[in-house]
Protein chains: 2
Amino acid sequence: MPNVSIKEVARLADVSIATVSRSINNPEQVTEKTRLKVQDAIAKTGYSPNKLAQNFRRGRTNMVMVVLPSVGDPFFTAVMKGIRAAARNKGYSVVIEETQLNTLTADEIGAMLVSNQTDGIILLASVSPFGTEISSAKSHRQLPIVIGCETISPELADFPSVHIDNIAAAKEATNYLISQGHKRIAMIYGQESSLLTKDRELGYRAAMKQAKLPIADGWVVEGELTIAGARKATRNLMSHNDRPTAIFCANDEMAIGCLHEVKSAGLSVPEDVSVIGFDDIRYAEVTDPPLTTISQPAEEIGERVMYRLCRRIDAGNGTSSAPEIVPHKLVIRQSVAKPAN
Amino acid sequence: MPNVSIKEVARLADVSIATVSRSINNPEQVTEKTRLKVQDAIAKTGYSPNKLAQNFRRGRTNMVMVVLPSVGDPFFTAVMKGIRAAARNKGYSVVIEETQLNTLTADEIGAMLVSNQTDGIILLASVSPFGTEISSAKSHRQLPIVIGCETISPELADFPSVHIDNIAAAKEATNYLISQGHKRIAMIYGQESSLLTKDRELGYRAAMKQAKLPIADGWVVEGELTIAGARKATRNLMSHNDRPTAIFCANDEMAIGCLHEVKSAGLSVPEDVSVIGFDDIRYAEVTDPPLTTISQPAEEIGERVMYRLCRRIDAGNGTSSAPEIVPHKLVIRQSVAKPAN
DNA sequence: TGCGTTATTGTAAACGTTTACAATCGTGCT
DNA sequence: AGCACGATTGTAAACGTTTACAATAACGCA
C-alpha cells in the first residue's frame, strides 16, 4: 500500500504522470473531467505523493530548525508556541535542537542548513562556535537564519532579529526596586556565556550607577539559569555580611528558586527581601508570593521571528535585516515591597 | 558554493561518482590512495552530500516525530529530554507536533508517516482520529509507532508502549490520603478526552471503593490539565457544601493551580486542605508548600520509548509489542497532612 | 609467463517527482 | 471547411544519490 507511485495513478486514470502531477499541484491547468478521473484513481490506489521525492525535486523540505538553550524553560515554550502557530500557518514543520547538553550541535546545525535538511534556522540561543562555522560559508549573509530573544553576537550581527530591549528592561526592573526605596540591590544573572544575561546585567548596573547606588562585592552572582543554581546563589546572598534587601533575577526560573530559598532561610518575601524576575512565565502568577517581573511578549516574538524567517526563505537576502524591537512591560504582583529598614 | 555535487568531486579527483560515493560511505571498499584523492577533492570543493537526495534515494530521513499534548508541560519536557538523548545517540533528529490547538494534526500525522517524511512516530498523546486513520492502512501493525505515557486506546493496542501503571499509581496516591485519615477526597481530572486521565480516575475510584469511602456528587471535576482550569475546578470544590479535606490532582500543573486557589480562598495547605499531585515536575519541590506527588521516571520513559522506536524502524515488525511498564514512586513532601477534624 | 582469483573501479539504471517543450485537441472565426 | 489560436495533454529530461553488475586492475601461484 505505501508503495503506490504516481505511475500507478497515471495508468489507472489513463493519463500521463505529468497530468497527474498537474491535477494535484496545478488543478487549474487541467480539465475538470481529467481532474476527476485522476482524483478517482488516487482514491482507488490510496496514493499519496512521496514527500522525499518532492523535497528532493523541489529542493525544499518545509521544515525549519529552532535552536534553543532548553525546551524545559517555559519562556521558550511560550516563544515556541508563537513559532508553531506561524509555522503551521505557512505550512512548515519545526524541528528542535537544544544547545544544552552537547557542544557537537553547533557543527551539526551548520551542516544541516548547508545540506539543506531544513529550509531555515531560528536561533533562540547564542551558539558560539556557530558564528565561525556560519561566517566561514562564502555567502553567509544570505543564509535563512533569524535570531530571536538573544541579543546578537558580533559575528551574527548581519542576520535579522526580533527581541525586546533587554538593557532597557533590566534598567526598568532595577529602577522599580529603587523607586520602592531599595538601596541594597543584588542581581542573579544567568550564565557567563549567555549574551542575553549580559545585557540584563548591563541594564542593572546602569540603573544602579545612575541612582548612585553602590554594588557590593558578591552581590552579582551566577545562577546558571536554573532553579538549583539560583538557590545556591541566593544562599550566598542571604549570608552576605551586607545582605541585600532586594534581588533582581535575570529570569523567572531563577526567581522561583530564589523565592524558595529566601523562605528556606527563614525570611519572608517581600517583607524581608524583595524579589523581581524576568520573562513572566506562566508560573509567575502562582508563586508564593506572586512574582513581580518583566513581561516579554513571548508568543509574539515567536510569530514574528517565524514570519521573518519565511520572508528570508522566500525573498532571499533582499529583505531587511534590521533588528525588530518588541515592547516589554513591568508586571507588578506581590514579591516586591518597600524595604523594612 | 552550496551547489557542488558529487560529479564535481568526481571530476576533480578523476574518478567516477560511484567511487566518490563509496569513499564516503564505504571507505573499506576503496583503495587508500583514491580515498585520499577523493578526500582532497571534497576539501577543495567544499562538497557536502545533498541530504535531500540521500533521503530520497535511501527512503530514510533520520527524523522521528513526537506527538504530544503541549510542549509547555514540564513533564513532557522531561520525557523529551530522554527522547532527545536517545535520538542523538542513534543519529536521529526530532520534530515535534502538538495536538493541543488544532484537530487537523491527526490527519497530517498520518500523512506524514505514510509519505515517510519521518521514519517513525512517538505518540505521547492520544490523538483519537489518528486511530482510525492509521488502522485504515493495510499493514498498520508494522508502522513504526511507539506509544509513551498514555495508556493505549483499543485501536492502538497493537503498538509497543512504555508507561507506568497509571491505575496503580493513582490508587497509591489516593490510598496515601486515606492512610492519613482523609475520608472526603475529591479529584480533579484532566480532560474528558484523555485516556491517561481516565486511568488515574479509575485508580482513584478503585481506592475509594476499596476503602468504602463515598464519592459525593461534584467531587470529581474536570481541570483541563491547565493551571487556570484547575483553579476553576478548585473554586467549585471549595464552595461545595460537603467540602473535601483532600484533593487528588491528575497532574502537577493542575496541583499548582489547585494549591494557589485553595490559598486564595483563605484556607491553608495542608492544614485545611491536603493536595496531592502527579508527575513530579521540577516545580513540584518549590511550590508552597512543596508538593506531595507521584513521580514518574520521565526521562527514562523518553529514552526507552525512543530506543524501542529505533528497534521497530530497524527490525520492522519482528520486535515485540508488549507494553513496557516502568516503576512510579510516591514522593512525600508537605502538601498532605492529617485532616483537622 | 600465464592463469585464476580477488580487489578495485566504472557504467548505467533507478528512486518518484516536477517541468520545459512539443504535440495534440478543441473552439471560434472567416 | 479551413485556419489560427489557446487550452490541454504527453514526452522526456532532470534533480543527486546509491548500487547491481560489468569491466578492469592487481596479485599470487604454478
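By convention in this document, chain letters (A, B, ...) are assigned in the order of the sequence lines, proteins followed by strands, and residues within each chain are numbered from 1.
Put simply, chain B comes within 4.0 Å of DNA chain C, heavy atom to any atom, from C:dT8 to C:dG16, going 5' to 3'.
Positionally, the nearest nucleotide of DNA chain C for B:F56 lies more toward the 5' end than for the other of A:S21 and B:F56.
In terms of the side chain to side chain donor-acceptor pair (under 3.5 Å) criterion, residue partners of A:E8 (sequence neighbours excluded) are, by chain and number, A:R11. With sequence neighbours left out, the side chain to side chain donor-acceptor pair (under 3.5 Å) criterion links B:R311 to no other residue. Partners of B:F56 under the ring pair (Phe, Tyr, Trp, His ring centres under 6.0 Å) rule, at least two apart in sequence or in another chain, are A:F56. Taking the side chain to side chain donor-acceptor pair (under 3.5 Å) definition, one finds that A:Q54 meets it with A:R58, sequence neighbours left out. In this structure, the side chain to side chain donor-acceptor pair (under 3.5 Å) partners of B:T19, at least two apart in sequence or on a different chain, are B:S16.
Between the A:E98 side chain and the A:V71 main chain, a donor and an acceptor come within less than 3.5 Å of each other. For A:D119 (side chain) and A:V64 (main-chain N/O), no donor-acceptor pair under 3.5 Å exists by modelled atom type.
You'll find the side chain of B:M80 stays beyond 4.5 Å of the side chain of A:I96, heavy atoms only. Taking 4.5 Å as the limit, some side-chain heavy atom of B:L225 sits within range of a side-chain heavy atom of B:T197.
Within the structure, no pair that satisfies the ring-ring contact (aromatic ring centres under 6.0 Å, His included) test touches residues 61-98 of chain B, not counting sequence neighbours. Note on residues 14-51 of chain B: no pairs pass ring-ring contact (aromatic ring centres under 6.0 Å, His included), not counting sequence neighbours.
Note: B:S23 OG to B:I42 CD1 = 7.0 Å, rounded to the nearest 0.5 Å.
Residue contacts shown for B:N55 are absent, as no nucleic acid heavy atom lies under 4.0 Å away. Using a 4.0 Å heavy-atom distance criterion, B:R22 is classed as a base contact.
Listed by residue number, B:I17, B:A18 are the residues of residues 12-19 of chain B with a heavy-atom contact under 4.0 Å to DNA chain D. Contacts between residues 30-42 of chain B and DNA chain C, defined by a heavy-atom separation below 4.0 Å, involve B:V30, B:T31, B:T34, listed by number.
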Table please: side-chain donor-acceptor pairs of residues 27-37 of chain B below 3.5 Å, with sequence neighbours left out.
unit_1, atom_1, unit_2, atom_2, d
B:E32, OE1, B:R35, NH1, 2.9
B:T34, OG1, B:T31, O, 2.9

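Axis angle, first five pairs versus last five pairs of the helix from C:dT1-D:dA30 to C:dT30-D:dA1: 50°, rounded to 10°.
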